[in-house]
Amino acid sequence: MEISSIVNREVLSQHSEEAAFLWTIRTRAIGEPHYSLQDLARLDERVEAHLDGLRVAGDVGWNFCRANLANDGPGEIFALTVLAFGAGKRERMRDALYAGCVSPKVWPGLVSGLGWLDYASISEWLQMLLQAKSPVHRATGIAACAIHREDPGEALTSAVQDAAPVLRARALRATGEIKRRDLLESVRARTRDEDEPCRFWAAWALTMLGERDGIPVLMDFVDPNGPFSERALKLVLRAMDLGDSRRCVSSLAARPGVIGLAVMGAGIVGDPVSVPWLIRRMESPELARLAGEAITMITGIDLAYKDLDQDAPPGPEAEGNDPATGEVAPLDYESNLPWPSAPLVAQWWAKNQHAFSAGTRYLGGNPITAQSAVEVLVNGKQRLRAAAALELALINPNYVLFEVRANGSWQEKRLAARTS
């Protein structure tokens, strides 16, 4: 008797819904301030348990995932992709590929599914994607290789010059992620690309490759209403000399409507000379949580754990997640940040400022070095870890950008190899 003929359909329905729902939770968790690598790995184990339940159900598990496509979400595409490419069944892979390329909304689920699987098990299929006729399919292959930090080879070389913006942009991004220095001049030329995402990713990749002429182009994207503003700020301030980065933050603070970027920028720069200014910003409800995070970025202090926070001011209650419908309530950047108490933080700083030297860049309480960045990757929370990955990649032009969004077990293995 086939396994698929004796499965419990109610349990299987739960597996398919929970796999998609938990993936959606995960996409938010990878950028949250309170998730550690260990937290992410535990969440990934839950996702994998539901995927495993679908795998052992055979055809019935696949059919449940297909039926869930009616929900039109990237989480459903993720589950379908893992099952299809994990089994290596060509017809099912075509189905997953078609469903995942229908719209930009669901495409991340396709790429994430390919990033979830072991690279060795799907490298054959990724090579086929890299050679496909469709630019979106080739972009999918490049994105998946980049998540695994595997070089797409000649496919990447040609993609940075491709006529299709979606492929060109993803190829430029991958060039910076995996440090393809041989493509430097091609990337530099694309900083004048007519397509805005291509222009941004070219400047981003150029800066990741250690070239300073990407910095002024990135600065053009530091706009509170722009789609690349935060990503540009997080790289450009780290790539600048300390004096230039401090002047940039001061300039942002003086511009109307961008004080929030200045507060974030002070944390990115990491110079403790900014801490008193950040404490004063805590007096504004609009800036308080951003200022608290910036101080954590510099000093490593956990405001909630050290009882340096306070109750949130009165306001509308946030909506929660609804597992029954698979709906995940949208959260803004500050949703999971504590509300700092300016007087308490000021007292803490008065007692501890002697441990920090003005004019030195810090991340998570330690001067920034390759060793301290790796320690943050191992022990820090996700936003600090993302910062550490950028710092490490900039310290050494040959270091690929560590992927803090990857499967937790993959990350743990890579970090264990690096620290052993």
Side-chain angles (χ1 to χ4, degrees), residues 1-30 32 35 39-118 121-122 125-126 129 140 143-144 147 319-331 405-410:
M1 181 180 294
E2 294 184 1
I3 293 176
S4 59
S5 66
I6 57 174
V7 294
N8 184 315
R9 292 178 178 270
E10 183 177 345
V11 171
L12 198 55
S13 175
Q14 183 179 11
H15 282 320
S16 61
E17 292 171 1
E18 284 294 306
F21 177 72
L22 289 175
W23 179 86
T24 307
I25 295 293
R26 185 189 191 278
T27 61
R28 198 168 67 195
I30 55 179
E32 287 298 314
Y35 263 81
D39 296 328
L40 186 63
R42 284 192 290 269
L43 178 57
D44 287 350
E45 288 175 358
R46 294 174 62 195
V47 175
E48 183 60 31
H50 289 294
L51 291 171
D52 202 39
L54 293 168
R55 290 189 190 100
V56 299
D59 293 344
V60 181
W62 170 258
N63 290 334
F64 266 92
C65 284
R66 282 290 305 273
N68 273 355
L69 293 180
N71 295 329
D72 193 32
E76 287 75 18
I77 297 295
F78 164 78
L80 195 76
T81 301
V82 172
L83 290 189
F85 282 83
K89 295 186 177 182
R90 290 175 179 257
E91 183 177 349
R92 292 182 178 181
M93 288 190 286
R94 282 194 293 269
D95 286 349
L97 189 61
Y98 176 80
C101 292
V102 165
S103 73
K105 172 188 172 184
V106 299
W107 189 66
L110 172 66
V111 174
S112 180
L114 294 171
W116 186 270
L117 295 163
D118 181 68
S121 70
I122 59 168
W125 315 126
L126 294 186
L129 286 173
T140 301
I147 290 175
E319 297 180 1
N321 303 327
D322 185 357
T325 63
E327 293 295 326
V328 179
L331 295 178
R405 303 168 303 164
N407 185 288
S409 63
W410 180 92

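None of the values given here were measured: they were computed from a predicted structure. Because only heavy atoms are used, hydrogens play no part in the values below, and waters and symmetry mates are left out as well, while side chains stay in.
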In sequence, state the C-alpha distance, the side-chain angles, and the governing distance for V111 and I147, and then conclude on side chain to side chain contact (heavy atoms under 4.5 Å, CB included). CA-CA 9 Å; V111 174; I147 290 175; 3.4 Å; yes
As a quick check of understanding, evaluate salt bridge (charged side-chain N to carboxylate O under 4.0 Å, His left out) for R92 and D59, giving each step before the final call. CA-CA 11 Å; R92 292 182 178 181; D59 293 344; 2.7 Å; yes
Take F78 and L22 through the side chain to side chain contact (heavy atoms under 4.5 Å, CB included) test and state the conclusion after the steps. CA-CA 11 Å; F78 164 78; L22 289 175; over 6 Å; no
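Residues passing the salt bridge (charged side-chain N to carboxylate O under 4.0 Å, His left out) test with R42, sequence neighbours excluded: D39. When the side-chain hydrogen bond (donor to acceptor under 3.5 Å, both in side chains) test is applied to S13, the partners found at least two apart in sequence or on another chain are E17.
Considering CZ of F85 and CG of L117, their distance stands at 9.0 Å, rounded to 0.5 Å. Rounding to the nearest 0.5 angstrom, the gap separating the CD atom in E48 from the CZ atom in R46 is 13.5 Å. In this structure, F21 CZ and R26 CZ are separated by 15.0 Å, a value rounded to the nearest 0.5 Å. In this structure, CD1 in I25 is found 9.5 Å from CD in E18, a value given to the nearest 0.5 Å. The CD atom of E32 lies 12.0 Å from the CG atom of L40; values are rounded to the nearest 0.5 Å. If you take CD on Q14 and CG on L54, they are separated by 11.0 Å, rounding to the nearest 0.5 Å.
For the pair W107 and I77, the minimum side-chain heavy-atom distance is 4.5 Å or more. Counting heavy atoms from C-beta on, the side chains of L97 and W125 never come closer than 4.5 Å. Between L80 and W62 there is a side-chain heavy-atom pair separated by less than 4.5 Å. Counting heavy atoms from C-beta outward, W116 and D44 have side chains that approach closer than 4.5 Å. T24 has its side chain out of reach of P74: every pair of non-hydrogen atoms, C-beta onward, lies at least 4.5 Å apart. With a 4.5 Å cut-off on side-chain heavy atoms, R405 and T27 do not count as touching.
Listed here is the closest heavy atom pair of L126 and A144: CD2-CB, 3.7 Å. For P108 against W23, the heavy-atom pair with the smallest separation is O-CZ2, 4.0 Å. For the pair A96 and A84, the tightest heavy-atom approach, listed with the atom from each and the gap, is CB-CB, 4.0 Å. Residue G53 comes nearest to L12 through the heavy atom pair O-CD1, 3.8 Å, listed as atom of the first residue, atom of the second, then distance. Minimum interatomic distance between C101 and T140 (heavy atoms only, all atoms of both residues): SG-OG1, 4.1 Å.
When atom types are taken as modelled, the side chain of R55 and the backbone of V82 share no donor-acceptor pair closer than 3.5 angstrom.
Looking at V60, L83, D95 one by one, the single match for side-chain contact (heavy atoms from CB on, under 4.5 Å) with C65 turns out to be L83.
Annotation: salt bridge (Lys or Arg N to Asp or Glu O under 4.0 Å) contacts involving residues 97-113, sequence neighbours excluded, comprise D72-K105.
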